[in-house]
Amino acid sequence: MKEKEKMLEGKPYRAFGEELVAERQAAKELIFEFNALHPSKIEQRDKIIKRLFGKTGKNFIIEPPFRCDYGYNISIGENFYANYNCTIIDCARVTIGDNAFIAPNVSLFTAEHPIHPDIRNDQLEYAIPISIGNNVWLGGGAIVNPGVTIGDNTVIGSGSVVTKDIPANVIAVGNPCRVKRKITEKDKTNFLEMLCNE
């Protein structure tokens, strides 16, 4: 079995196999081009992301600079927005739903490394998918670790380190990230009242 096949099946693999190195290099070259484009070249940036990612919606915005390992393991829904310095280590699938809002300096990591140094030094690693639902907001500097699922409509607070699944319709914060409370209709009415008072 090739190292890429092992990686995609969640089995231990060596990331410095010839095929994977070549694919990462190809992604780096596209990302370099993306990040170096003039800010007015929006259409060209979008074309690069469509070539790079496994799936995109029709409407998305990714602010440069952006980084990922392969690109083809990333799937984003409609109305995706990623602010500056988004990093996605996509050794496994990263699936993000519609209307996702990714604040600056957010990192999504699917790669895992062995705890024991002897095995880790043998250059073995493995990867576990990340799944992020619809209408999710990841606050600035949030980190999502391998294997995490975040449910629809959830807000992850700035600086949080998400190590376990977070359910739908909640605000979750901290390191490690924990549910603080549910999102309710009161959150909507409070904001509308604030608009009316302007």
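We're numbering straight along the sequence, starting at 1.
Under the rule for a salt bridge (charged side-chain N to carboxylate O under 4.0 Å, His left out), the partners of Lys11 that lie at least two apart in sequence or sit in another chain are Glu9. By the salt bridge (charged side-chain N to carboxylate O under 4.0 Å, His left out) test, Lys47 is found to be paired with Glu43, residues two or more places apart in sequence or in another chain being considered. Residues that satisfy the side-chain contact (heavy atoms from CB on, under 4.5 Å) test with Arg14, not counting sequence neighbours, are Glu3, Asp122, Leu124.
Under the 3.5 Å distance criterion, the side-chain polar atoms of Asp90 are matched with a main-chain donor or acceptor of Gly71. Formation of a donor-acceptor pair under 3.5 Å by the Arg24 side chain with backbone atoms of Ala15 is found in this model.
The neighbour count for Lys55 NZ, taken as heavy atoms of other residues, nucleotides or ligands under 6.0 Å away, is above 12. Atom CZ of Arg120 has more than 12 neighbouring heavy atoms from other residues, nucleotides or ligands inside a 6.0 Å radius. More than 12 heavy atoms of other residues, nucleotides or ligands sit less than 6.0 Å from atom CZ of Phe101.
Counting heavy atoms from C-beta outward, Asn73 and Thr110 have side chains that stay 4.5 Å or more apart. Residues Val173 and Ser160 form a side-chain contact, since some pair of their non-hydrogen atoms from C-beta on lies under 4.5 Å apart. Using a 4.5 Å cut-off on side-chain heavy atoms (C-beta onward), Val148 and Thr163 make no contact. Lys4 has its side chain out of reach of Tyr70: every pair of non-hydrogen atoms, C-beta onward, lies at least 4.5 Å apart. Looking only at side-chain heavy atoms (C-beta outward), Cys86 and Ile62 stay at 4.5 Å or farther from each other. Side-chain contact between Ile128 and Glu112 is present, with at least one heavy-atom pair separated by less than 4.5 Å. Counting heavy atoms from C-beta outward, Pro65 and Asn35 have side chains that approach closer than 4.5 Å. The shortest side-chain heavy-atom distance between Ile156 and Val144 does not fall under the 4.5 Å cut-off.
Here the NE2-CD1 distance, from His113 to Ile119, works out to 13.5 Å after rounding to the nearest 0.5 Å. Here the OG atom belonging to Ser107 is positioned 11.0 Å from the CD1 atom belonging to Ile102, to the nearest 0.5 angstrom. In this structure, CG in Asp69 is found 8.5 Å from CD1 in Ile74, a value given to the nearest 0.5 Å. Distance check, rounded to the nearest 0.5 Å: OG1 of Thr95 to CD1 of Ile130 gives 9.5 Å. From Ile76, atom CD1 reaches atom CD1 of Ile132 across 11.5 Å, with rounding to the nearest 0.5 Å.
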field: Worked check of side chain to side chain contact (heavy atoms under 4.5 Å, CB included) between Phe34 and Leu52
entry: CA-CA 10 Å; Phe34 172 88; Leu52 185 65; over 6 Å; no
message: Before you tell me yes or no, could you show the steps for Ile48 and Leu37 under side chain to side chain contact (heavy atoms under 4.5 Å, CB included), namely the whole-Å CA-CA distance, both residues' side-chain angles and the distance that decides it to 0.1 Å?
response: CA-CA 11 Å; Ile48 291 169; Leu37 281 169; 3.9 Å; yes
task: Apply the test side chain to side chain contact (heavy atoms under 4.5 Å, CB included) to residues Tyr126 and Lys6: give CA-CA distance (whole Å), side-chain angles for both, the deciding distance (0.1 Å), then the verdict.
output: CA-CA 8 Å; Tyr126 58 103; Lys6 294 175 190 174; over 6 Å; no
- prompt: Hey, mind stepping through Ile143 and Phe109 against side chain to side chain contact (heavy atoms under 4.5 Å, CB included) and telling me if it holds?
  reply: CA-CA 8 Å; Ile143 296 172; Phe109 303 141; 3.6 Å; yes
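Here the shortest heavy-atom pairing between Lys2 and Glu5 reads N-OE1, 2.8 Å. Summarising the geometry of Ala127 relative to Cys91, their closest heavy-atom pair is CB-CB, 3.6 Å, with the distance given to 0.1 Å. Phe60 approaches Gly57 most closely through the heavy-atom pair CD2-O, 3.5 Å. Looking at every heavy atom in both residues, Ala142 comes nearest to Gly157 through CB-O, 4.3 Å.
Separation of the Phe66 and Phe53 ring centroids falls under the 6.0 Å cut-off.
For the pairing with Asn99, the side chain to side chain donor-acceptor pair (under 3.5 Å) check across Asn153, Asp152, Asn134, Asn79 returns one residue only, Asn79.
A continuous path of hydrophobic side-chain contacts links Val94 to Ile166 [ILVMFWY only; heavy atoms under 4.5 Å].
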